[in-house]
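A quick write-up on the structure given underneath.
Chain identifiers are assigned alphabetically (A, B, ...) following the order of the sequence lines, protein sequences preceding nucleic acid strands; residue numbering begins at 1 within each chain.
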Protein chains: 4
Amino acid sequence: MARTGKAAAEEAGARESERRKTILRAAIDVFAKKGYHGCRIADVAREAGVAYGLVYHYFKNKDELLQTVFDAGWGGFIARIREVVARDAHIVEKVHGVTQVAFEAYRVDPRGVKVIILEVARAPAGERINRQSAVGEAIQLANEMFERARDRGELRADLDPFVCAGMLFGALEMCLTALVLGLVDVQDEAMVERVQRQISDAFLGGILPTPSTGPAVDAEDAWKRDRSSTRSKTERRS
Amino acid sequence: MARTGKAAAEEAGARESERRKTILRAAIDVFAKKGYHGCRIADVAREAGVAYGLVYHYFKNKDELLQTVFDAGWGGFIARIREVVARDAHIVEKVHGVTQVAFEAYRVDPRGVKVIILEVARAPAGERINRQSAVGEAIQLANEMFERARDRGELRADLDPFVCAGMLFGALEMCLTALVLGLVDVQDEAMVERVQRQISDAFLGGILPTPSTGPAVDAEDAWKRDRSSTRSKTERRS
Amino acid sequence: MARTGKAAAEEAGARESERRKTILRAAIDVFAKKGYHGCRIADVAREAGVAYGLVYHYFKNKDELLQTVFDAGWGGFIARIREVVARDAHIVEKVHGVTQVAFEAYRVDPRGVKVIILEVARAPAGERINRQSAVGEAIQLANEMFERARDRGELRADLDPFVCAGMLFGALEMCLTALVLGLVDVQDEAMVERVQRQISDAFLGGILPTPSTGPAVDAEDAWKRDRSSTRSKTERRS
Amino acid sequence: MARTGKAAAEEAGARESERRKTILRAAIDVFAKKGYHGCRIADVAREAGVAYGLVYHYFKNKDELLQTVFDAGWGGFIARIREVVARDAHIVEKVHGVTQVAFEAYRVDPRGVKVIILEVARAPAGERINRQSAVGEAIQLANEMFERARDRGELRADLDPFVCAGMLFGALEMCLTALVLGLVDVQDEAMVERVQRQISDAFLGGILPTPSTGPAVDAEDAWKRDRSSTRSKTERRS
DNA sequence: CATGAATGAGTCTTCATTCAT
DNA sequence: CATGAATGAAGACTCATTCAT
């Protein structure tokens, strides 16, 4: 092939990739702003500054667009989590690592995280995206991590690894949700940093084996005394 | 009581209320099965075994249906949470109380919880339900709880109440999500009980003030040594 | 059930059927006027004087609409043909019967016949309607008819029943096409009658066993003499 | 001939013509396979192994593509028919000639014939191709042929030339349709030959003047006795 | 109260056609 | 000539909502 043709092709390829990225970026922004169901392809096209039909040149349909957003974002996230989990390190380091990955994702692309959390991470039942490959996948991964930690004696003996996994990701997700939804004024980077650190620390404080029995003892008694009364108050939801 | 007009009217009222409840119940089930956007009014009507248009007798529109599901479920939940928070008790008891409320809701109506969590708790931006009255409301409530606890010295000094709130609800929500999505085999009530207990304990272990410095110290060092390398690995999202 | 409810239901049922028929009729007319691909659902709705969406209340989609037109028209046609074929009668009577059925269909609903012939009878390959259940079905039917006639000695011995079938339906279809397309001025009913009679007669004249060898003999010689020259002229289609 | 510039130009021209033919051939095949409306330009391009836009270099638009297919195929067909009609020969020879032309077309390019028959010969009303230049044109041509035959006394006196024309082309078209649609196993060339011969013979048997009154007489009586009953059975189309 | 036929605005999706390279 | 990215008009289809009975 001639030099020109090749160069042109490369340039075209680059431009194509450019366009595709533009559209994907626009989709993330629009999804973050109006939600998946609340936006039209036209919105994405307008946001991307391209013609209506071009979206369909790069993506089969609206669903695939969301899928791609999901795959790119969540896939990268999971990959980094996996890398942390695979390390041969103490659970303390791993928890810090997971937390770091989650917050770094937020710092790099808060709107992307918003879409992942709000639209796909727990996509409503019956939707295209399999939740077991989203939340479930993450939990499974963390589950393995905590299982190994337990086997190495790095975990409180009375805790199920699966519960630890749920708690860690739950804490991360909910706190990021709070940031994402603007429930917390994220004036400065320091604040985010601070939240991140607290999550790691508090979580670890709860799951590491405690040499001394700790302070939870008497509290437990208070709880037991109160429990039945609380329970009886529960009614069925209409 | 008279058995005449008044009784008839009551009976009629009761029957109406019955219908309404039937439809609401059907809505919860259908939302849980196919998601809010994935179902049609016709689905709700079929599930309830009533005629198409009857849904509109009892509910202004599809949104109000979801709102009502939300209000009934979430409203009740929040009310019970509020009751727990209002108690003059140690934070340990309160945390146990909040956890108990959440799990009791799951035990009583798992599908209702599913809908709340998946459909409305963090309804995508631009949707009818104000998220600040969902997740935000709960977090705010817990925030106050932890603030008071901090003021009473029941909380680790280095923790923001708001982070504690996020962590608690995050842990609860994620673990319930796991149950709700069937990620965990919920063969028996004992398993649920066990998960509930672990969440309380682990969470409390992380947030209560520690008399002894605890075991986290050397781990922290390991973390600090590793941190920068982890950080540098973060790449941009496409 | 109360008298009123029943009457209302019946009335409603009748009205529904009425609407459905109206739409079907409109579809036939619009298909006849603009062709299946050339018309929009909106055209059908407008022609029927109903709202857009109502078409979808009675028919799953555009295709089903065409299918229904086809089933109603062609199904009835085939049924009548089948009745004629089943008669225990001389092939002469049967051919007259088949011809009569075809022309009667045209007299009763020329536009319906037009749609059947132009749009579905030989729907282009890859289309929804299986042609083998259209043209093929008719030919198969006639084929059986002529097979029996041959067995009874009512057919020229040198003719394949299948060819007879093709010739009969071909003649009918082409002549009806001519009428339908307005290639012939159909001023009066007498003209149509006349065409019908001629088709039967000429066709029968060609397929009935000839006592005397007839006049075709020397013609055959002329043909043979000419044949090779004609053939050599054929070129390939680009 | 020089081997320089002129040859190069010719070669270029030939190559262009080659491309054009490739595309046209691809169009015929794709139309035959999926129908005109059922295929996209992309399908044609893929089949031809050329780029998307190249089709538009050689053909103004999709319609022109079909038009060209039609013109090439039908035009050639009509031209040959015209040649046969123009001969100064007995109607017997001419009918054999017309039949021969039709079948030869099928032998040379069955898919081309398929497209002509299914897609354009009776293009639905409102379509680009004027039907009077397709079926109508052929019928008109044959009409003249039979008119002349009638004037020369070569035709049964009671037949309209126009009906003869319709019957001949109808028989040809329907039998070719049967071949084209695979309704008949066309294992061998002999079968096709056989069908061709039978059509000519049977058709001629029906339209040539019969010296003796022939065998149709009593059949006619049976028909007349039966007719009214058949007629009364006609019902309305839903 | 109940019913479900009727309405029609809102969107997705397709695909012929153009155009810059 | 060739390519295929870009355009956008056209139209099928959905489904929330209304309304007459």
Side-chain angles (χ1 to χ4, degrees), chain A residues 4-5 7-9 11-13 15-20 23 37-45 49-63 65, chain B residues 12-13 15-16 19-20 37 39-45 50-65, chain C residues 4-5 7-9 11-13 15-20 23 37-45 49-63 65, chain D residues 12 15-16 19-20 37-45 50-65:
Chain A
T4 50
E11 196 182 77
R15 209 178 331 124
E16 185 231 303
S17 190
E18 211 62 48
R19 291 287 212 177
R20 196 187 145 91
I23 293 171
H37 285 104
C39 82
R40 297 159 297 175
I41 290 291
D43 295 327
V44 175
V50 302
Y52 199 96
L54 195 59
V55 176
Y56 286 89
H57 191 76
Y58 291 105
F59 303 93
K60 197 163 143 271
N61 53 31
K62 200 181 169 185
D63 252 35
L65 200 49
Chain B
R15 213 184 320 132
E16 184 235 305
R19 289 283 214 182
R20 196 187 145 90
H37 284 104
C39 79
R40 297 162 295 178
I41 290 291
D43 295 326
V44 176
V50 302
Y52 206 85
L54 195 58
V55 177
Y56 283 87
H57 257 288
Y58 293 104
F59 302 93
K60 192 163 146 270
N61 54 31
K62 197 181 173 186
D63 253 33
E64 196 187 273
L65 202 49
Chain C
T4 50
E11 198 182 78
R15 210 180 329 128
E16 184 231 303
S17 189
E18 211 62 46
R19 290 287 212 177
R20 197 187 146 91
I23 292 171
H37 284 104
C39 83
R40 297 157 296 174
I41 291 292
D43 295 327
V44 175
V50 301
Y52 195 97
L54 197 59
V55 176
Y56 286 89
H57 192 75
Y58 290 106
F59 302 93
K60 195 162 144 273
N61 53 32
K62 199 180 171 186
D63 253 33
L65 200 49
Chain D
R15 214 184 320 133
E16 184 235 304
R19 288 284 212 179
R20 194 186 146 91
H37 283 105
C39 78
R40 297 161 295 178
I41 290 291
D43 295 326
V44 176
V50 302
Y52 206 85
L54 195 58
V55 176
Y56 284 88
H57 257 287
Y58 293 105
F59 303 93
K60 192 162 144 271
N61 53 31
K62 197 181 173 187
D63 253 33
E64 195 186 274
L65 202 49

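- Using a 4.5 Å heavy-atom threshold, the side chains of B:Tyr58 and B:Leu65 count as separate.
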For every nucleotide of nucleotides 8-15 of chain F, 5' to 3': is a protein heavy atom under 4.0 Å from its base (B), only from its sugar-phosphate (S), or from neither (-)?
B--SBBBS
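- Among all heavy-atom pairs drawn from D:Ala51 and D:Ala45, the shortest one is O-CB, 4.0 Å.
- An OP1 or OP2 oxygen of F:dA5 is reached within less than 4.0 angstrom by no side-chain nitrogen or oxygen of A:Arg20.
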Could you summarise the pairing of DNA chain F as dot-bracket text, marking Watson-Crick and G-U pairs under 3.5 Å with ( ) or [ ] inside the strand and | across strands?
.||||||||||||||||||||
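- Interface remark: the D:His57 side chain does form a donor-acceptor pair with the F:dA2 base, using a distance-only criterion of under 3.5 Å.
- Smallest separation of non-hydrogen atoms from B:Tyr56 and B:Ile41: OH-CG1, 3.7 Å.
- When all heavy atoms are compared, the tightest approach of C:Cys39 to C:Val44 is SG-CG2, 4.5 Å.
- Protein atom OH of B:Tyr58 is 7 Å distant from nucleotide atom C1' of E:dC1, rounded to whole Å.
- Between the C1' atoms of F:dT21 and E:dC1, the separation comes to 13 Å (whole Å).
- Rounding to whole angstrom units, CG of residue D:Leu65 and P of E:dT17 are separated by 10 Å.
- Evaluation of the side chain to side chain contact (heavy atoms under 4.5 Å, CB included) rule for B:Tyr52 yields B:Ala42 as partners, not counting sequence neighbours.
- Residue A:Phe59 contributes atom CZ, which lies 13 Å from atom P of F:dA5 at whole-angstrom precision.
- Summarising the geometry of C:His37 relative to D:His37, their closest heavy-atom pair is ND1-ND1, 3.1 Å, with the distance given to 0.1 Å.
- Between A:Arg20 and A:Ile23 the shortest side-chain heavy-atom distance does not fall below 4.5 Å.
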